[in-house]
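For reference, the structure is listed below as structure tokens.
Ligands are counted one by one from 1 in listed order, and the atoms in each one are counted from 1 as well.
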Amino acid sequence: MTNSMEILVSEIFLSIQGESSFAGWPCAFIRLAGCGHGCLHCDTTYAEKGGVAMSVGEAVGRAIAFGAPCIEVTGGEPLLQAGAYPLMEDLCEECPNVLLETGGFLPVDQVDPRVRIILDIKPPSTGVAEQNCLTNIDLALESPHRFEFKIVLASREDYAWAKEFIARHQIAGTCTILFGAVFGELEPERLAAWILEDRLPVRMQLQLHKYIWQPGTRGV
Ligand code: SF4
């Protein structure tokens, strides 16, 4: 029986996964509407309000219909909606690779354990670094295979902060750690140089979809 619980959806689309260890894979995205966290580099402000109401069952059906090898639930901030949890559970019944991308300010302890959690850690340039939910770090260290940390950096100050953060929380060598550069703010070459200089055990990534399509294009 399909789940009739209602969720607010900004968009459902097929694209190339751009920011995780799944980068490059064809991926169906369910972007839930709503956030309000106020990150200064937010690139999905259009998803912060509005959205179309639909049942969990309909969203699952539409995402599955793309036939992609992975499905990502994103936002906005998906975990603000109670329906995000049954949505992910139902997706896990249908697809072996379900990803959640979350802003990292809410606890993820109620997320289905089959879901791969891409957890944003917000550095100082976002203006919300004080609101990173640190209990998520403990959870990640208990079951590292379920988590990827994603830190998108805009400056040398962000880089220094991120380096200290992963050292202080002893994350290195546990979960995948992804360092990215805010598109148009930090030259990838500079970030690469810093990582190489420090031999930092992180994986550098670029926001792939912004190189394939025009930055700012929706539905990709
Ligand atoms: S948590 Fe994500 S959607 Fe919300 S303001 Fe920050 S970047 Fe934007």
May I ask you to test the Leu32-Thr74 pair for a side-chain heavy-atom distance under 4.5 Å? no
Looking at Asp120 and Lys122, is any side-chain nitrogen of the basic one under 4.0 Å from a carboxylate oxygen of the acidic one? yes
Would you call the rings of Trp194 and Tyr159 parallel, tilted or perpendicular, taking 30° and 60° as the class edges? tilted
Salt-bridge test for Glu11 and Arg62: reply yes if a basic N is under 4.0 Å from a carboxylate O, no otherwise. no
Under 4.0 Å from ligand 1, counting heavy atoms only, is it the side chain of Thr44, its backbone, both or neither? side chain
If the cut-off is 4.0 Å to any non-hydrogen atom of Gly38, which atoms of ligand 1 fall inside it? 5 (S)
Parallel, tilted or perpendicular: which describes the rings of Phe183 and Tyr211, with under 30° parallel and over 60° perpendicular? perpendicular
Which atoms of ligand 1 are found less than 4.0 Å from any heavy atom of Gly76? 3 (S)
Which residue owns the protein heavy atom closest to atom 7 (S) of ligand 1, what's the atom, and how far is it? Lys122 NZ, 3.6 Å
Between Thr102 and Glu77, is a side chain to side chain donor-acceptor pair (under 3.5 Å) present by the stated rule, with each step listed? CA-CA 6 Å; Thr102 174; Glu77 175 47 62; 3.0 Å; yes
Mind checking whether atom 8 (Fe) of ligand 1 has an N, O or S of Cys35 under 2.8 Å? no
To check your reading of the model: name the closest protein heavy atom to atom 8 (Fe) of ligand 1, its residue, and the distance in Å. Cys42 SG, 2.3 Å
Under 4.0 Å from a heavy atom of Glu48: give me the atoms of ligand 1 that qualify, with their elements. 5 (S)
Counting heavy atoms only, which of Gly103, Cys39, Gly104 comes nearest to atom 5 (S) of ligand 1? Cys39
